[in-house]
Every structure is written in structure tokens, then in C-alpha cells.
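Below you'll find the structure, written out as C-alpha cells, and then a few comments.
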Amino acid sequence: MGEAVELLQYSNGFCNMNGHHEINEGLLMMNRESYPVINHESWFEEEIDVDLKWSFALNSVLHRGRSEYQDIVLLDTKRFGKVLVLDGKMQSAEIDEFIYHECLIHPSLLCHPNPKSMFIMGGGEGSAVREALKHKSIEKVVMCDIDEEVVDFCRRHLSANKEAFSSSKLDLVINDAKVGLEESKEKFDIIVGDLADPVEGGPCYQLYTKSFYEKILKPKLNDSGIFVTQAGPAGVFTHKEVFSSIYNTIRQVFKYVMVYTAHVPSFADTWGWVMASDQPLCVDAAIIDKKIQERIKGELDYLNGAMLYSSTILNKTISQSLKNETHVYSEENARFIPGHGVAYCI
């Protein structure tokens, strides 16, 4: 058996190994342009639940700042490369963000007969836009994110998305996503929820409610329109936190609803998405592969027809939970993932 090692917790999730020098507090409160290197025994720790934490070793803290809405940290980690952390919660890791973003963006575009326009709620890091712009038919992507600081930060530091941010097809809107969608005079072929998970103390949960889907979102979809949202952890032990509820809520609003999942290593769990439309959704493997070849510029790293189809097949435990779920998400009766949010993302 390995030697037990005590992790010492510091503010905002930073810790080091017991017996080594503590991280200097001044290091953590650096200015925006500082790029210090920290000792090789430094770790960042994220609370998954009250009795479970996920920690990973750091090479350095590349950036630390705070916007009007949230705490922003960019870490250089030993295992996952650059990692974006908002309010202590991992949002995206350089090494495997392609899994999350390909699953979020491409299925709806490939199921739509001829997608030309997309509205992204959230998505400030730019990766969702990057994936959408791989589709030849896309003429316009509106990305509506409330936090200009996060958007500017990601534009500066996430080199993989520089081309997406500079595209003439991108309409970047800094606004409350709910208000931005409600005030839009356009309708869209695809609407995407690239939002933070619903957490107690943060208002993002309002964008997972039946009233929002029914009264604001659905009227902004074209007749063949498709809505897709990230729906939180979808593992055997975590899918009842919000995933099953989000699915059941969307099922009350749309005629056809499909869920699919994928393991994201840096999230330490299986993740879930829900896709919905009033038109049938087809994920036949051969048809999807043909559409990928015809419609997409370049290569996808994760998704192909077989992978998308297989991701819709759930294990018995989760299938049964979704079948039996009765909770409908509302402002008065919300579910949350563990943790407390201070980020005002809508």
C-alpha cells in the first residue's frame, strides 16, 4: 500500500503536500500579467462533494483574477495542461476539452437538415464557437456571455480559440443570456446551453427551468430547430443530482428528447447532454458519418457516427432513473450539484 499523504487546504483550492513549504500567499494574489512558477509539490483541489475531492498537481499558476461575477484562474497542470477554473470549479482542460465541446456542438448540427444560425448561451471561452464554425453551412453564431472579463481573458490566453474569436461569423454579445435570447429579434436553427452547472447561491439554475424553456427559448427556435444543453454529471452515482431532472424538464416542452453521455477525464466523471426538438432526431451511425464528411471542415478528434450512436445507449441504472424521474425544474423547486456558487452567470 502507498504511504498516506495529508493535503493541506488553502484559499481557493490551492494546497501543497504535507512536509513541504507552503505556497506563498503573495503568489496566489498575483496581478493579471504575472506568470510565476510554483514548487513541484503544489496541487489544486476541487470539492466534488462534501466527502469527495479531486486534486491535481500544478506546474504553475498562469493567471489569477476576479471579475464582477467570478474568480478566474488559469493553471498549468502536470496531467491536463492548461486548466480554466471559475469560482473554484474546473471548466475546461486543454488536454480533453475537445470531448466536451464536440459532444456539445456537433450532434445538434449533424441532426439538423441545414443549420445556418446558432445562439450559444454562455460559452465565454470560445471553444463552442470554434467547433460550430467547422460546419460549412453555418453563417452566424451568436455567443451571449455575461462576463466580459472571462471572454477577454480566454481570448488572450486560449490560443486554440483565437481564430474563432476573430471570425466574421461570430456575433459576440456581452449580456445576461436569458435577456439576450429574449430580446433577440431573430430565430435560430440551433440554441446551445454552454452554461455552468446549477449550484445553490448562483442564478444559472433559472436557465434550466421549464418556464425558461417553454416561454423564452423554444419560441426563438425555427421550425426545424434543435436545442441542446450540457446537463451536468451523468455517472452511476451522480446522474440524479441534476441530469435526470434536466432531462425530465425538457421532456415536458419538446416532442423529441435524446440524452447522450461521455467520460471526460478531467471532470473525473461521465458527463451528460440533452438534445431536443419538435422534429425527429436521427443518430444513425452511417448517416452521421456521411454528414461529417460532407459538412465539416477538417477532422473531429472524438465523435464519429458509431461514437455518437453508442453515447445514446445508457446503462440500466441510469435508464431506469430517467424513466422514473418526476421532478420538473422550476425556480421554486430546483436541484443543484454539490457546492455553492458566487458566479452570476445570467
Side-chain angles (χ1 to χ4, degrees), residues 86 89 91-92 97 100-109 111-112 115 117-132 141-147 150-151 173 175-182 184 187-199 202-221 225-234 241-254 256-262 264 267 271-277 281 328-331 334-337 341 343-346:
L86 301 179
K89 293 285 187 180
Q91 303 297 309
S92 180
E97 58 87 6
Y100 170 90
H101 288 104
E102 287 190 16
C103 287
L104 175 69
I105 295 300
H106 296 294
S108 61
L109 286 164
C111 285
H112 194 281
S117 61
M118 173 181 284
F119 187 100
I120 300 173
M121 301 184 293
E125 70 178 278
S127 299
V129 176
R130 180 196 70 215
E131 294 302 316
V141 178
V142 178
M143 185 179 82
C144 187
D145 195 293
I146 197 171
D147 200 333
V150 169
V151 174
V173 178
N175 199 356
D176 172 323
K178 182 178 179 181
V179 174
L181 189 59
E182 192 171 23
S184 174
K187 289 191 174 185
F188 300 89
D189 295 321
I190 309 289
I191 297 178
V192 176
D194 189 10
L195 303 162
D197 297 313
V199 292
C204 269
Y205 74 90
Q206 297 175 28
L207 297 183
Y208 293 95
T209 61
K210 181 184 177 185
S211 62
F212 172 69
Y213 295 145
E214 196 168 47
K215 297 176 182 178
I216 297 176
L217 188 147
K218 190 174 181 180
K220 296 298 182 180
L221 280 172
I226 299 174
F227 167 57
V228 63
T229 184
Q230 79 86 19
E241 292 172 0
V242 294
F243 178 62
S244 60
S245 175
I246 293 170
Y247 161 73
N248 188 57
T249 303
I250 294 174
R251 190 168 58 169
Q252 311 303 311
V253 179
F254 289 91
Y256 299 96
V257 180
M258 178 181 294
V259 299
Y260 54 99
T261 65
V264 182
F267 288 176
W271 218 252
W273 296 265
V274 181
M275 181 166 57
S277 179
L281 299 166
V328 176
Y329 220 97
S330 69
E331 290 85 349
R335 285 183 182 174
F336 304 103
I337 65 166
Y344 286 82
C345 57
I346 66 168

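Remember, predicted model here, so these are calculated numbers, not experimental data. When reading the values below, keep in mind they use all heavy atoms of this one structure, side chains included, and skip hydrogens, waters and symmetry mates.
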Taking the side chain as everything from C-beta on, heavy atoms only, tell me whether [X] gets closer than 4.5 Å to [Y].
| X | Y | value |
| --- | --- | --- |
| Tyr329 | Leu207 | no |
| Met121 | Leu217 | yes |
| Tyr100 | Ser92 | no |
| Asp147 | Val151 | no |
| Glu131 | Leu109 | no |
| His101 | Glu125 | yes |
| Phe254 | Lys218 | yes |

With no hydrogens and no angle check, is any side-chain donor or acceptor of [X] less than 3.5 Å from a backbone partner on [Y]?
| X | Y | value |
| --- | --- | --- |
| Ser277 | Gly225 | yes |
| Lys220 | Ser184 | yes |
| Tyr260 | Cys103 | yes |
| Gln230 | Gly193 | no |
| Ser245 | Val242 | no |

Minimum heavy-atom separation for [X] to [Y], with atom names?
| X | Y | result |
| --- | --- | --- |
| Thr261 | Gly272 | CG2-CA, 4.2 Å |
| Arg335 | Ser244 | NH1-OG, 3.7 Å |
| Cys144 | Asp176 | SG-O, 3.8 Å |
| Ile250 | Ala276 | CG2-CB, 3.5 Å |
| Leu104 | Ala128 | CD2-CB, 4.3 Å |
| Asp197 | Tyr208 | CA-OH, 4.1 Å |

Spatial distance of atom [atom1] ([X]) from atom [atom2] ([Y]) [nearest 0.5 Å]:
| X | Y | atom1 | atom2 | value |
| --- | --- | --- | --- | --- |
| Lys178 | Cys204 | NZ | SG | 12.0 Å |
| Ile226 | Met258 | CD1 | CE | 9.5 Å |
| Ile190 | Ile105 | CD1 | CD1 | 9.0 Å |

Parallel, tilted or perpendicular: ring planes of Phe336 versus Tyr205, cut at 30 and 60 degrees: perpendicular

Side chain to side chain contact (heavy atoms under 4.5 Å, CB included) partners for Lys210, two or more places apart: Glu214, Thr249, Gln252, Val253, Val328

